[in-house]
Colleague: 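Can you keep this structure in mind? I'll have questions shortly.
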Amino acid sequence: MTLASYTVRRAALGLVQVLAVVTLVFFLVEALPGDAAVALAGDNPDPARIAQIRAAMGLDRPTLERYAEWLLGLPQLDFGVSLVSGRPVADFLFGGIGPTVALAALTLALLVPISVLVGVLAAVREGSLLDRALTSVSVALHSIPEFALAVVLIAVFGVQLAWLPPTAVGADLFAQPAVLVLPLVVLLARPICSISRLVRAGMVDALASDYVRHARRLGIGETRVRFAHALPNALAPAVQQVARTTDWLLGGVIVVEAVFVIPGLGTVLVDSVAARDLPVVQGLAVVFAVTTVAVNLLADLVAFRLAPRAEVVA
Amino acid sequence: MKRAGIGGLLIAVPLALALLGPLFVPDEQKRGAPFMPQGLLGTDFVGRDAWYQVLAGGQTVVLVALLATVLSYLAGVPYGVLAATTRLRLVDEVLMRPLDVLLAVPSLLVLILVAAIAGPGLAVLVGVVTLVNFPDVARLSRATALEISGRPALEAMRMQGESWWQTSIVYTGRSMLRTLAADVGVRLTSALYLVASASFLGVGVRPDAADWAVMVDRNRGGLFLQPLTVVVPALLIVALSVGLNLVFDRALRKVRT
């Protein structure tokens, strides 16, 4: 299969996934007892008033018609209107997207070099004290709940030692980089463990392989053997794990934003869930789902480019 | 050996507190002012003794995670085996394709979404964590069963006319055990992660529930006054998670070598 035909097939699958998730989100919310009109009518639900609101919002029309309208609105970034404040949902999304993207991008930018470095360090000295220490720590820290780690770090570095600000309340993320240190450490802890382990395993395999032995016999320098010959082959499995990390990262960002009071998409999500502001929840679900599908698509394409023989269709 | 010692110890403390702790909580509790230095750890955000809250609060986290793991295996293994052993390719596709959609959404988002729609309740929490873990279990069981059903031993059994019970359940089941057992640790820690994170975000639990994750969330306001009311439950969750990882990792190594 060529890269082009693979891309088309994989993109079609991604589109189906997005459509399925979007449909699921719409009908899950639709299945709820009581709709937006009941919520807006508030404490004294007068049937006449509910019917009036329903007509004004177009809720009396058939479900399928509204579904089609909602679906057609999505590509134009029309996600509907918030129940609580009456503002368009898109406003909430644009308001929260800055800090979240900044956090996720910084995490990814730090994650890849650090985990490759740790993995290579452990693999090159396989079996040494350093290797065993790094492996133990990465096994132990894997899948620690972010909020627990975050709170312990805040208590130690934010409160007891007072080296770093404990929360980001009222701070400008970019003017005061110190605010970002603890959130980034917390977000990095989990993915670094899993990716560095994969890099280590791939690197150990690659260093024991025939082509590396051959390259050494040819007299190619050890540094070049390691980084030009072994490393690229060790990276292929790690690429897909980086994509899987985006899943964790989105989950992690929700928690980390809640702990450090960062006004991003995660905070918007938690607030709108607490207020049962379902159009906003719907809109966020769509954004998160599209992002995840897009990242997985990209990772599969990169993995296919790196190792075209392997069938990587999910 | 040393690592298992550390891991075992790390699990033992939170587990003992979680399972035996509720027995030591007195029925009558005095309420004082919030975040005062009374008792072992001080008082919490509504003036309850934080130590008793710690004793009472481990049960839900541990039991919900365990129950959800068991349920996801009970549902996922037959589902995966059915998909693997069916003669019709269409059934396989119909069973497995929807799982791709579930896997395409961040798990914490699924959890928040369903819990937002279904309302609070421990049953909902168990259900959603099961739902999130279920696709992974189903996929793994399908892959394992598929590999086993191609083995010569199974072909021979079929030709001998062994019953469906003997081939599909007894032989396939026994052969799958090892692969599935190797996966239990991952499933359990991820269930623990989800349950704790969801409770922390206030999904599926009452806001004043005696629960370690809820305590961490609610008592954060008093971090400067009574840091122990936050740090102790957080550390218990960290210890449980790290301990589980170390113990299961060691067990895996033992099986492999």
Side-chain angles (χ1 to χ4, degrees), chain A residues 13-14 16-21 24-25 28-29 31-32 135-136 139-152 154-156 158-160 166-167 190 193 246-252 254-255 258-259 266 269-270 272-274 276 278 281-282 284-285 288-289 291-293 296 314, chain B residues 3 6-7 10 97-98 100-119 186 188-190 192-197 199-203 212-213 216-217 219-220 223-224 227-228 230-231 233-246 248-250:
Chain A
L13 178 68
V16 170
Q17 281 180 329
V18 167
L19 263 181
V21 172
L24 209 66
V25 166
L28 268 178
V29 172
L32 271 180
T135 309
S136 300
V139 165
L141 288 186
H142 185 73
S143 85
I144 270 190
E146 280 99 354
F147 75 90
L149 184 62
V151 160
V152 173
I154 292 176
V156 174
V159 177
Q160 288 300 322
T167 62
R190 222 152 66 101
C193 295
T246 328
D247 170 356
W248 296 352
L249 215 55
L250 284 175
I254 296 172
V255 173
V259 180
L269 180 66
V270 173
S272 56
V273 164
R276 295 186 72 77
L278 293 168
V281 178
Q282 270 180 337
L284 280 165
F288 280 146
T291 315
T292 319
V293 170
N296 278 319
Chain B
R3 281 199 8 200
I6 296 172
L10 282 175
R97 285 298 133 190
D100 289 348
V101 176
L102 264 182
L103 285 170
V105 192
S107 34
L108 206 58
L109 181 68
V110 177
L111 212 158
I112 291 177
L113 211 59
V114 176
I117 288 164
V186 180
L188 195 59
T189 42
S190 89
L192 180 70
Y193 168 84
L194 277 174
V195 172
S197 299
S199 312
F200 172 75
L201 292 173
V203 171
W212 290 342
V216 172
D217 176 35
N219 294 337
R220 268 188 300 153
L223 195 57
F224 285 91
L228 285 182
V230 187
V231 173
L235 277 179
L236 285 170
I237 293 172
V238 169
L240 195 57
S241 168
V242 169
L244 279 176
N245 279 327
L246 288 178
F248 278 108
D249 182 67
R250 181 164 173 281

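Fair warning: this is a prediction, and the values are worked out from it, not measured in the lab. Below, read A as the first sequence line, B as the second, and so on, with proteins coming before strands; counting in each chain starts at 1. Values reported hereafter were calculated over all heavy atoms of this structure, with side chains retained and with hydrogens, waters and symmetry mates removed.
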Colleague: If you count heavy-atom pairs within less than 4.5 Å of chain A, which of B:I237, B:L194, B:V231, B:L10 leads?
Modeller: B:I237
Colleague: Pick from B:S190, B:A234, B:G243: which one has the most heavy-atom pairs with chain A under 4.5 Å?
Modeller: B:A234
Colleague: Using non-hydrogen atoms only, which part of B:F200 is less than 4.5 Å away from chain A: side chain, backbone, both, or neither?
Modeller: side chain
Colleague: Name the member of A:V259, A:L24, A:V270, A:V281 that forms the most heavy-atom pairs with chain B at distances under 4.5 Å.
Modeller: A:V259
Colleague: So which atom in B:L235 and which in A:V152 form the shortest heavy-atom distance, rounded to 0.1 Å?
Modeller: CD2-CG2, 3.9 Å
Colleague: Where is the tightest heavy-atom contact between B:Y193 and A:P145, given as atom of each residue plus distance?
Modeller: CD1-CA, 3.4 Å
Colleague: Heavy-atom distances under 4.5 Å only: say whether A:Q282 touches chain B with side chain, backbone, both or neither.
Modeller: neither
